[in-house]
*Asks:* 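Attaching a single structure in structure tokens format; questions to follow.
By convention in this document, chain letters (A, B, ...) are assigned in the order of the sequence lines, proteins followed by strands, and residues within each chain are numbered from 1. All heavy atoms count here, side chains included; hydrogens, waters and symmetry mates do not.
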Protein chains: 2
Amino acid sequence: MPRSSDRVTIHDVAQRAAVSRQTVSNVLTHPTRVRPETLERVQAAIAELGYQPSSSAQSLRSQRAGAVGVEINTLGPRSHNETMAPFLGSLAMRAAEHGSHMVPFGSPGDRPMVQGYQAMWARRLVDAFIIADTHHGDPRPAWLEENGIPFASFGRVWDDPTFTGWVDVDGAAGTSAAVAHCAELGYRTVGYLGWPSGSVVGDDRRAGWVAGCAGTGVAPGPEASCDQDLDDARAAARRLLADLGPSDAVVCASDILALGLHHELLAAGREPGSEVGVVGFDGSDTALMHHLTTVVQPLDQIADRILDLLDDALSGRARPSAGALLHPVLLRGDSTSARSRSR
Amino acid sequence: MPRSSDRVTIHDVAQRAAVSRQTVSNVLTHPTRVRPETLERVQAAIAELGYQPSSSAQSLRSQRAGAVGVEINTLGPRSHNETMAPFLGSLAMRAAEHGSHMVPFGSPGDRPMVQGYQAMWARRLVDAFIIADTHHGDPRPAWLEENGIPFASFGRVWDDPTFTGWVDVDGAAGTSAAVAHCAELGYRTVGYLGWPSGSVVGDDRRAGWVAGCAGTGVAPGPEASCDQDLDDARAAARRLLADLGPSDAVVCASDILALGLHHELLAAGREPGSEVGVVGFDGSDTALMHHLTTVVQPLDQIADRILDLLDDALSGRARPSAGALLHPVLLRGDSTSARSRSR
DNA sequence: GACCTTGATTTGAACGATCAAATCGGTACA
DNA sequence: TGTACCGATTTGATCGTTCAAATCAAGGTC
């Protein structure tokens, strides 16, 4: 029976098993150091008392918070960032297996500033950070690097090509697979609805479309670009519509853009899929809800790899020689469907 | 200058200001105990060294993790739960002002089990939990209560009316306001698209529709119900369409349902807003994206109140005599618009 | 029988903070 | 002059764990 207080400590277990605290500790961290007979007795005591080491005590002793910070400014309303929320979910689930947990935090302002990071780091609430969506001129990578703070990034860190602690989705492979999918289903041309050139992610995805068309021999269809916004997407889609005949398909840089095109097709009385094929990108809830064919980001895998990177960094292992590019997976929905090639 | 190591501790500050560690501690926690002159000197040292107390050390000493657990199973893909993700965002932002942080976690399975909670609690990674979406037969509230674990709930805890540690949105007030909004704009009847009766949240929202119609004198329009799913919503909306004339409006139990109706209207060539009014509920990104008029849940306020509840519980203050009902706010979008009453 | 070795276990110390009790230098009062 | 008292500050102890060094028991060697 645990002592009067409700909290079971290593001391309670030691007393129960008639050994010293250190032996109990060894049972959990260096089982080989302890005699099999004793091991068993201590393990029994641990089980009976339901002992689990206190994370605060371990943190203090090991100088490790066992936590990783993730900025969630982008998670709030009006952000339209449908990737970060599920990504945080994946991280939280996977973190358990890595013996750590996530601490979401935000800076007051809209723009990602180092202020929030600074606050978390100074108190050592976290051992490392995960950043995402870095852009040109993003102050975070440089600041983290300068201060020797471990971090990993979801998405390439474009400002610093020497930094290899990132995991990213091979956007070109994704759009290329989307084109292949359309070709296979018999669409005659494959157009592209993307973002204005200049964004690295956008250019990457567009490149996959170009390469995909060249590789499969399908004719490139019309192209338009717009911002990551449903209204803009619809406007851009309207511009495309005139050039889209039956059995044409369009690959989009994101699910939001795909949804915009989807809506315009319906508004024009043209059935998505059976008439004009539409493929989105991201595998967002939005796409699933509307049954759009989409290129799904393997968020669980990404989370796992990122946590591996941090494990390595925290145990002083060398950084990998290069970042990791993961392949997205095409998820077939109703917005693309087989058509007879004979028409 | 900080000592050779990179970590600034209370000892470094003490040395720098030529006082003892305890005096430094007092400066931060009991400033009145220290002579003004000394206070200033120590504060200067703190500022110069950029000292912040170590959270692990404080946790161990105070027996408080300073963290709150939030289950995020519902946050993963395919959950269609558009409220939890932004809510977690609000919590994370507000938590900073409450001197704590959020720890999102998940259980392997789909259904909320106590297993995940157990794991977090045993190691004292968190001091309390925030639960949401409790349903009849939910094992969590009872289990938490039994084990004396502090928690608060977003949404009433229906199985235990004596539990008052909850904050909820006044759904009836929301739908009622939605009806009033429609009446004000001149819609002749206001229908309802809701969930099958039996869900407490759903019944609450429906009651507000009924009361709103009675209160404003607007005629109740047709009614239908379906699950929280876009396809189901569209099917239900099709059933409603026949009974919906121009200048009729429909209040919906959620943004997803509203979106379903929105889509069916467009598919039938009837303009949402100008012909048939549509009001959603939740204030989700989906609604904002589609410019739907919607009843917005005040997530920041809810987060604040919930954290207050936990602060009280952790400092041993008595529970409030009743749960808190917060008023949602109607956000006007394009899916409702003024019409001339003269027609 | 004294001495060394090996393996298993225990004791001491430390991580960084804060509470409680002890100390210190002054003042006031008898 | 002694002492009681005060505010300001310091010292000691503690939270629960784990590393490093000390101890202990058993066996082997010369």
*Asks:* Calculate the interatomic distance between Gln15(B) atom CD and dA17(C) atom P; express it in whole Å.
*Replies:* 14 Å
*Asks:* Name the residue closer to the 5' end of DNA chain C, choosing between Gln22(B) and Leu60(B) according to the nucleotide with the nearest heavy atom.
*Replies:* Leu60(B)
*Asks:* Can you check the Tyr51(B) OH to dG16(C) P distance for me, whole Å?
*Replies:*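 Going from OH in Tyr51(B) over to P in dG16(C) covers 10 Å.
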*Asks:* Phe129(B) vs Phe105(B) aromatic rings, parallel, tilted or perpendicular, using cut-offs 30° and 60°?
*Replies:* perpendicular
*Asks:* Round to a whole Å and report the spacing from CZ of Arg21(B) to C1' of dT14(D).
*Replies:* 11 Å
*Asks:* For dT9(C) and Arg35(A) - does any side-chain N or O of the residue sit under 4.0 Å from the phosphate oxygens OP1/OP2?
*Replies:*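 For dT9(C), OP1 or OP2 has a side-chain N or O of Arg35(A) closer than 4.0 Å.
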*Asks:* Rounded at 0.5 Å granularity, tell me how far CE in Met102(A) sits from CD1 in Ile72(A).
*Replies:* 13.5 Å
*Asks:* Check for me whether Arg123(A) meets the cation-pi criterion with Trp121(A), that is, NZ or CZ under 6.0 Å from the six-membered ring centre and within 45 degrees of the ring axis.
*Replies:* no
*Asks:* Do Trp166(A) and Leu309(A) have side-chain heavy atoms sitting under 4.5 Å apart?
*Replies:*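 The answer is no, as the side chains (C-beta and beyond) never meet within the 4.5 Å cut-off.
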*Asks:* Please report the closest heavy-atom contact between Thr134(B) and Ile131(B), naming both atoms and the distance.
*Replies:* CG2-CD1, 3.7 Å
*Asks:* I need the Arg41(A) CZ to Ile46(A) CD1 distance, nearest 0.5 Å.
*Replies:* 12.0 Å
*Asks:* CD1 of Ile10(A) versus C1' of dC15(D): gap in Å, rounded?
*Replies:*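 My rounded result for the distance is 14 Å.
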*Asks:* Please report the distance, rounded to the nearest Å, between CG in Asn26(B) and C1' in dT9(D).
*Replies:* 9 Å
*Asks:* Within less than 4.0 Å of OP1 or OP2 of dT9(C), is there a side-chain N or O belonging to Arg33(A)?
*Replies:*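 No, Arg33(A) has no side-chain N/O under 4.0 Å of OP1/OP2 on dT9(C).
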*Asks:* Rounded off to whole Å, could you give me the CD1-to-P distance for the Ile46(B) and dA17(C) pair?
*Replies:* 10 Å
*Asks:* Would you say a side-chain N or O of Thr23(A) is under 4.0 Å from OP1 or OP2 of dT10(C)?
*Replies:* yes
*Asks:* Looking at His30(B), does any N or O in its side chain come under 4.0 Å of the phosphate oxygens OP1/OP2 on dC19(C)?
*Replies:*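 Looking at the OP1 and OP2 atoms of dC19(C), one of them is under 4.0 Å from a side-chain N or O of His30(B).
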*Asks:* Does Arg124(A) make a side-chain donor-acceptor contact with the base of dG16(C), cut-off 3.5 Å?
*Replies:*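 Looking at the base of dG16(C), it does not pair with any donor or acceptor on the side chain of Arg124(A) (distance under 3.5 Å).
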*Asks:* Once rounded to the nearest 0.5 Å, what's the spacing between atom CZ of Arg33(B) and atom CD of Gln22(B)?
*Replies:* 7.5 Å
*Asks:* When you measure from the side-chain N and O atoms of Thr38(B) to the phosphate of dT9(D), is any distance below 4.0 Å, counting only OP1 and OP2?
*Replies:* yes
*Asks:* Summarise how protein sits on nucleotides 21-26 of chain D as a single string, 5' to 3': B when a protein heavy atom is under 4.0 Å from the base, S for sugar-phosphate-only contact, - for no contact.
*Replies:* ------
*Asks:* Atom NE2 of His11(A) to atom P of dT17(D): distance rounded to whole Å?
*Replies:*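 Value for this atom pair: 11 Å.
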*Asks:* Measure the spacing between CG of Asp300(B) and CE of Met93(B) and express it to the nearest 0.5 Å.
*Replies:*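 Going from the CG atom of Asp300(B) to the CE atom of Met93(B) covers 8.0 Å.
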*Asks:* Answer yes or no: does a side-chain N or O of Ser54(B) lie under 4.0 Å from OP1 or OP2 of dG16(C)?
*Replies:* no
*Asks:* Within the structure, does a side-chain N or O atom of Gln63(B) lie under 4.0 Å from either OP1 or OP2 of dG16(D)?
*Replies:* yes
*Asks:* Between the base of dT17(D) and the side chain of Arg61(A), is one N or O donor paired with an acceptor at under 3.5 angstrom?
*Replies:*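 For Arg61(A), whose side chain was compared with the base of dT17(D), there is no donor-acceptor pair (under 3.5 Å).
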*Asks:* Can you work out whether Leu39(B) or Ser25(A) has the more 5'-proximal nearest nucleotide on DNA chain D?
*Replies:* Leu39(B)
*Asks:* Is the count of non-hydrogen atoms from other residues, nucleotides or ligands lying under 6.0 Å from Glu40(A) atom CD greater than 12?
*Replies:* no
*Asks:* Just how far, in rounded Å, is C1' of dG16(D) from CG of Leu49(A)?
*Replies:* 15 Å
*Asks:* Would you name the heavy atoms of Val68(A) and Ser100(A) that are closest together and state the gap between them?
*Replies:*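 Looking at all heavy atoms of both residues, the closest pair is CG2-OG, 4.4 Å.
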*Asks:* Mind checking Gln58(A) for me? I need base, sugar-phosphate or nothing, with any heavy atom below 4.0 Å counting as a touch.
*Replies:* sugar-phosphate
*Asks:* Quick check: on DNA chain D, is the nucleotide nearest Ala18(B) upstream (toward 5') of the one nearest Pro53(A), or the reverse? Name the residue that is more 5'.
*Replies:*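 Taking each residue's closest nucleotide, the earlier one in sequence belongs to Ala18(B).
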*Asks:* Atom CZ of residue position Arg305(B) - does it have more than 12 heavy atoms of other residues, nucleotides or ligands inside 6.0 Å?
*Replies:* no
*Asks:* Remember a base hit wins even if backbone is also touched, and classify Thr29(B) as base, sugar-phosphate or nothing at under 4.0 Å, heavy atoms.
*Replies:* sugar-phosphate
*Asks:* Using five base pairs at each end, measure the axis-to-axis angle across the helix from dG1(C)-dC30(D) to dA30(C)-dT1(D) and round it to 10 degrees.
*Replies:*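 The value is 90°.
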